[in-house]
Visitor: 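This is the structure, below, for whatever I ask next.
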Amino acid sequence: MTSASGGADMVDWNLAVATATRLVRPGPEVSRAEAASVVGELRRHALEAEEHVRAFTGMRSSSLGAAAATPVLIVDRPGWVRANVAGFRTVVQPLVEKLQARRAGSTAAGVFGAVGEKATGIEVGALLAFLATKVLGQYETFAPAEPSLEAPDSPAALFDKPRLGPEGPGPGRLLLVAPNIVHVERELDVNPADFRLWVCLHEETHRTQFTAVPWLRDHIQSEVQSFLAETDVDPGALLDRLRDAAGTLGGGLPGLGGRGGTASSTGLLEIVQSPSQREILGRLTAVMSLLEGHADVVMDGVGPAVVPSVAEIREKFQQRRDRGANRLDLVLRRLLGMDAKLRQYQDGAVFVRGVVEQVGMEGFNRVWTSPNTLPTKEEIHDPSAWVARVAR
């Protein structure tokens, strides 16, 4: 897993985990008894949310064992880091192989290989430390195959401890980041039990999407692998794109003073993409908008029956999303594309509600028929166009 393996991974993943664990901010202060109560409540809510989501959406797992094969893990911030490192390794393997092939022809490979792995490991670790404080829950589509858990550090350990891998791709798993959930519910000053169930409803919707639609995971994986296969590892080509982007940005940070209209929506990843990658990303953006918007609609739709304070939670949570945090946080969010993630929730929710209003939930569920019935990037902003093409 590290440079001791002869440079097999191009990233020192152990160093990435160690860096993230060292840099990540501690979660909110809670007693051990309170922490145990939170973990237990999240486990119960995850089970409860499963039936609520299935009843509301009409979606059922494609096989009796599909949902059971995707475990629910309650993790702390370091646990989230470990889980995502395992997923990263699975997803980026094609890119790693391209970089290995390019480096194999370089006489400097032996000199710089280990140094590069260490440097990249530190960079990835710093990124994960930032993200580990932001995520409430996550359906990890490309989780490694079982066994997914290491033995706990002690018999009294509260949190699940995901393995670092590398077992290869598995069926997926659901992560709930307990410290972040507690932090946000305190910040919003909302009912803790209601907020925890509300979060579980969103994440359980994602698990239902992938267990009820057997082709969805392979479709997304194929698109991601195509995107990575198109990655140009030639430093000269990347430098040319960065020069072009610098002219577009007009000398300002994205969203913070650049003169061009494109600057307000350009993220770091978009800058180095090729035209074919932008086309693939357009399709992926449409799919992710659908998945995120659908989960938002479900969590609010189920809410009134089982989450008494859902209206208050949604209002406060949306204000928090819109408000953002400090200036540095806003810069990082824009550079990492997190603002685009927030737009996916909003655009996708408008699409789902628009379709359901026209053809009902059963008509909307035709979206899960095949890759051809997924909305295009244009249809996400025009629900009637999707209805005309598919639902009618």
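Atoms considered below: every heavy atom in the structure, side chains included; atoms not considered: hydrogens, waters and symmetry mates. Just so we're clear, the structure is a prediction, and the values are computed from it rather than from any experiment.
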Visitor: Name all residues meeting the side chain to side chain donor-acceptor pair (under 3.5 Å) criterion together with Glu315; count only those two or more places apart in sequence or in a different chain, and write none if there are none.
Guide: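 Checked Glu315 against side chain to side chain donor-acceptor pair (under 3.5 Å); zero matches.
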Visitor: Hey, could you give me the OG1/OH distance between Thr208 and Tyr139, rounded to the nearest 0.5 Å?
Guide: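 The distance works out to 9.5 Å.
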Visitor: Say you draw a straight line from CG of Leu176 to CZ of Phe159; how long is it, rounded to the nearest 0.5 Å?
Guide: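 Nearest 0.5 Å value for the CG-CZ distance: 11.5 Å.
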Visitor: For the residue pair Ala129 and Ala20, what are the closest heavy atoms and their distance?
Guide: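 In this case the closest contact between Ala129 and Ala20 is CB-O, 3.8 Å.
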Visitor: For Val190, does its backbone N or O pair with a side-chain atom of Lys316 as donor and acceptor, under 3.5 Å?
Guide: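 Such a contact is absent between Lys316 side chain and Val190 backbone.
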Visitor: Going by the rule side-chain contact (heavy atoms from CB on, under 4.5 Å), which residues pair with Ala385 if we only count those two or more places apart in sequence or in a different chain?
Guide: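 Ala385 satisfies side-chain contact (heavy atoms from CB on, under 4.5 Å) with Glu379, Asp382 once adjacent residues are dropped.
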Visitor: Kindly determine whether Asp12 and Thr120 satisfy side chain to side chain contact (heavy atoms under 4.5 Å, CB included), including the steps that lead there.
Guide: CA-CA 7 Å; Asp12 188 334; Thr120 308; over 6 Å; no
Visitor: Residues in ring pair (Phe, Tyr, Trp, His ring centres under 6.0 Å) with His294, at least two apart?
Guide: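 If we apply the ring pair (Phe, Tyr, Trp, His ring centres under 6.0 Å) test to His294, skipping adjacent residues, the hits are Phe364, Trp368.
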Visitor: Determine the minimum heavy-atom distance between Gly303 and Val310, stating which atoms define it.
Guide: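 Nearest heavy atoms, Gly303 then Val310: C-CG1, 3.8 Å.
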Visitor: Under 4.5 Å between any side-chain heavy atoms of Thr376 and Trp386, yes or no?
Guide: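 Heavy-atom side-chain distance check fails, nothing below 4.5 Å.
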Visitor: Do Val350 and Val390 sit in one hydrophobic cluster, given that two such residues count as connected whenever their side-chain heavy atoms are within less than 4.5 Å of each other, even indirectly?
Guide: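 No, no single cluster joins them.
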Visitor: Using a 3.5 Å distance criterion without hydrogens, assess whether the side chain of Ser222 forms a donor-acceptor pair with backbone atoms of Asp218.
Guide: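 No: the side chain of Ser222 does not pair with the backbone of Asp218.
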Visitor: Leu175 and Glu140: which non-hydrogen atoms are nearest, and at how many Å?
Guide: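 Where Leu175 meets Glu140 most closely, the heavy atoms are CD1-OE1, 4.0 Å.
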Visitor: According to side chain to side chain donor-acceptor pair (under 3.5 Å), who are the partners of Arg283, at least two apart in sequence or on a separate chain?
Guide: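 Side chain to side chain donor-acceptor pair (under 3.5 Å) check on Arg283 returns Glu223.
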Visitor: Side chain to side chain contact (heavy atoms under 4.5 Å, CB included) for Phe351 and His381? Distances and angles first, verdict last.
Guide: CA-CA 7 Å; Phe351 171 81; His381 302 282; over 6 Å; no
Visitor: Output, in order, the C-alpha distance, side-chain angles, deciding distance and verdict of side chain to side chain contact (heavy atoms under 4.5 Å, CB included) for Glu48 and Arg44.
Guide: CA-CA 6 Å; Glu48 179 185 349; Arg44 293 192 300 273; over 6 Å; no
Visitor: What residues, two or more places apart in sequence or in another chain, satisfy ring pair (Phe, Tyr, Trp, His ring centres under 6.0 Å) together with Phe317?
Guide: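 Ring pair (Phe, Tyr, Trp, His ring centres under 6.0 Å) check on Phe317 returns Trp198.
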Visitor: Measure across Gly172 and Pro71 and return the closest heavy-atom pair with its distance rounded to 0.1 Å.
Guide: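 Heavy atoms of Gly172 and Pro71 come nearest at O-CD, 3.5 Å.
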Visitor: Could you tell me if the side chain of Leu201 sits less than 4.5 Å from the side chain of Val53, heavy atoms only?
Guide: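 When only atoms from C-beta onward are counted, Leu201 and Val53 do touch, with a gap below 4.5 Å.
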Visitor: Just verifying a value: how many Å separate Ile220 CD1 and Leu291 CG, rounded to the nearest 0.5 Å?
Guide: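 So the CD1 of Ile220 and the CG of Leu291 are separated by 5.0 Å.
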Visitor: Can you get from Trp215 to Phe210 by hopping between Ile, Leu, Val, Met, Phe, Trp and Tyr side chains that sit under 4.5 Å apart?
Guide: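 The answer is yes; both residues are in one hydrophobic cluster.
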Visitor: Answer yes or no: is there an ion pair linking Asp160 with Arg82, defined by an N-O contact shorter than 4.0 Å?
Guide: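 So Asp160 does not pair with Arg82 through a salt bridge.
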Visitor: Looking at CG of Leu216 and CG of Leu374, how far apart are the two atoms once the value is rounded to the nearest 0.5 Å?
Guide: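 Going from the CG atom of Leu216 to the CG atom of Leu374 covers 7.0 Å.
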Visitor: When you compare the side chain of Gln318 with that of Gln346, does any pair of heavy atoms fall below 4.5 Å?
Guide: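 The answer is yes; the side chains approach within 4.5 Å.
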Visitor: Using side-chain heavy atoms (C-beta onward) and a distance below 4.5 Å, is Glu362 in contact with Asn365?
Guide: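 Not touching, per the 4.5 Å side-chain cut-off.
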Visitor: Mind checking whether Gln209 and Thr205 have side chains closer than 4.5 Å, heavy atoms only?
Guide: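 The answer is yes, as the side chains (C-beta and beyond) meet within the 4.5 Å cut-off.
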Visitor: Nearest 0.5 angstrom please: Thr141 OG1 to Arg217 CZ, how far?
Guide: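 If we round to the nearest 0.5 Å, Thr141:OG1 and Arg217:CZ are 7.5 Å apart.
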Visitor: To check you understand the geometry: which heavy-atom pair defines the closest contact between His45 and Ala193, and what is its length?
Guide: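 That would be NE2-O, 3.4 Å.
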Visitor: Checking Thr19 now: which residues fulfil side-chain contact (heavy atoms from CB on, under 4.5 Å) with it, not counting sequence neighbours?
Guide: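 Partners of Thr19 by the side-chain contact (heavy atoms from CB on, under 4.5 Å) criterion, ordered by chain and then number, come out as Leu15, Arg22, Leu23, Ile122.
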Visitor: The criterion is side-chain contact (heavy atoms from CB on, under 4.5 Å); which residues satisfy it with Asp194, sequence neighbours excluded?
Guide: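 With neighbours one apart ignored, the set is Asn191, Val307, Pro308, Ser309, Ile313.
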Visitor: Just do the side chain to side chain contact (heavy atoms under 4.5 Å, CB included) check on Leu136 and Val177 with the steps written out, would you?
Guide: CA-CA 5 Å; Leu136 301 182; Val177 191; over 6 Å; no
Visitor: For residues Ile181 and Leu42, determine if any side-chain heavy atom of one lies less than 4.5 Å from a side-chain heavy atom of the other.
Guide: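 In contact.
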Visitor: Mind checking what makes side-chain contact (heavy atoms from CB on, under 4.5 Å) contact with Val297, not counting sequence neighbours?
Guide: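 If we apply the side-chain contact (heavy atoms from CB on, under 4.5 Å) test to Val297, skipping adjacent residues, the hits are Ala349, Val352, Arg353.
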Visitor: State whether the side chain of Thr373 and the backbone N or O of Ser370 hold a donor-acceptor pair below 3.5 Å, judged by distance alone.
Guide: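 Yes; judged by distance alone, with no hydrogens or angles, the pair exists.
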Visitor: Does the side chain of Val135 come within less than 4.5 Å of Gln138's, by heavy atoms?
Guide: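 Side-chain contact under 4.5 Å: yes.
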Visitor: Mind jotting down which residue pairs meet the salt bridge (Lys or Arg N to Asp or Glu O under 4.0 Å) criterion with at least one end in residues 195-205? Sequence neighbours excluded, please.
Guide: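 Listed once each, the pairs are Glu41-Arg196, Arg54-Glu204, Glu185-Arg196, Glu204-Arg207.
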Visitor: Can you confirm whether Asn180 sits close enough to Lys134 that some side-chain heavy atom of one is under 4.5 Å from a side-chain heavy atom of the other?
Guide: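 In short, these two side chains do not touch, never coming nearer than 4.5 Å.
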Visitor: List the atom pairs, donor and acceptor, that lie under 3.5 Å between side-chain atoms in residues 24-31 and the rest of the protein, sequence neighbours left out.
Guide:
unit_1	atom_1	unit_2	atom_2	d
Ser31	OG	Glu34	N	3.1

Visitor: Drop me the distance from Ile380's CD1 to Lys377's NZ, to the nearest 0.5 angstrom.
Guide: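 The distance works out to 11.0 Å.
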Visitor: Taking ring pair (Phe, Tyr, Trp, His ring centres under 6.0 Å) as the test, write out the residues that go with His202, two or more places apart.
Guide: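 For His202 the ring pair (Phe, Tyr, Trp, His ring centres under 6.0 Å) partners, ignoring immediate neighbours, are His206, Tyr345.
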Visitor: Sequence neighbours excluded, which residues qualify as side chain to side chain donor-acceptor pair (under 3.5 Å) partners of Glu357?
Guide: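 Scan of Glu357 (side chain to side chain donor-acceptor pair (under 3.5 Å), adjacent residues dropped) gives none.
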